[in-house]
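The structure appears below as structure tokens.
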Amino acid sequence: LLFLPNYVGATLVYETTGFITGSSGVTSNFVANQSPYTYQATLADLSTPPFGFDYLFLSITTATETLGSITGPGSFSFDAVPGVTHFVNVFGVGSGELEIGLFGVQISTVPIPSALLLLGAGFVGLLGLRRNIYG
């Protein structure tokens with residue numbers, strides 16, 4: 001699927017599309033076996049009028065805990081446990097007269113260099129803030 005953003009150097013580990021009719025949900029699973037173990041989940045509304053969603057929700061869970069969720073199209077990061085089955089839960093309320101929507105989900109690894117660059121930029125920002133306050 002070319003419609004979802006992806007990180008440079010990221011590895012796609014799960015991808016699906018599906019229809020939701022009325023008010024319903026879809027659950028599927030994947031096993032996290034890629035290193036690093038930080039993942040990016042992205043949810044997209046692939047519908048074109050007259051189809052779509054009044055409400056769209058994605059959560060990633062294990063058998064015992066929720067690792068992350070988002071309401072509406074977008075993305076979030078989560079830490080996956082290697083070798084454990086993770087559940088991809090999509091719930092939606094279709095819009096329009098037919099109450100049908102088409103969604104897409106992608107899950108990919110987050111490369112360590114990108115994560116470290118983001119962390120480093122945060123530290124630089126905190127140092128700059130500290131200088132402004134105490135300088």
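Judged as a side chain to side chain donor-acceptor pair (under 3.5 Å), not a single pair has a partner in residues 90-104 (not counting sequence neighbours).
Leu43 is connected to Tyr14 through a chain of hydrophobic side-chain contacts under 4.5 Å among Ile, Leu, Val, Met, Phe, Trp and Tyr, so both are in one cluster. A single hydrophobic cluster is seen to contain both Leu46 and Leu98, as judged by linkage of ILVMFWY side chains at heavy-atom distances under 4.5 Å, directly or through other members. Clustering ILVMFWY residues whenever any of their side-chain heavy atoms sit less than 4.5 angstrom apart, transitively, puts Phe91 in a cluster other than the one holding Ile70.
Formation of a donor-acceptor pair under 3.5 Å by the Thr11 side chain with backbone atoms of Thr109 is not found in this model.
Nearest heavy-atom pair across Ser23 and Val93 is OG-CG2, 4.0 Å. Taking both residues in full, the closest heavy atoms of Ala44 and Pro73 are given as CA-CB, 4.4 Å, listed atom of the first, atom of the second, then distance. Smallest separation of non-hydrogen atoms from Asp79 and Thr38: OD1-OG1, 2.9 Å. Scanning both residues, His86 and Val84, for their nearest heavy atoms gives ND1-O, 2.8 Å.
To the nearest 0.5 angstrom, Gln106 atom CD is 10.5 Å from Thr17 atom OG1. A distance of 11.5 Å separates CZ of Phe78 from OG of Ser69, quoted to the nearest 0.5 Å. Atom CD1 of residue Ile60 and atom OG1 of residue Thr66 lie 10.0 Å apart, to the nearest 0.5 angstrom.
Between Tyr39 and Phe30, the angle of the ring planes lies from 30° to 60°, which puts this pair in the tilted group.
Here the side chains of Val90 and Thr16 are not in contact, with every heavy-atom distance at 4.5 Å or above. With contacts defined as side-chain heavy-atom distances shorter than 4.5 Å, the pair Thr27/Val88 does not qualify.
In this structure Thr85 satisfies the side-chain contact (heavy atoms from CB on, under 4.5 Å) test together with Asn29, Val31, Phe87, sequence neighbours excluded.
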Name the atoms and distances for all side-chain donor-acceptor pairs under 3.5 Å in residues 47-58, with sequence neighbours left out.
residue : atom : partner : partner atom : Å
Ser47   : OG   : Asp45   : OD1          : 2.8
Ser47   : OG   : Leu102  : N            : 2.7
Ser47   : OG   : Leu102  : O            : 3.4

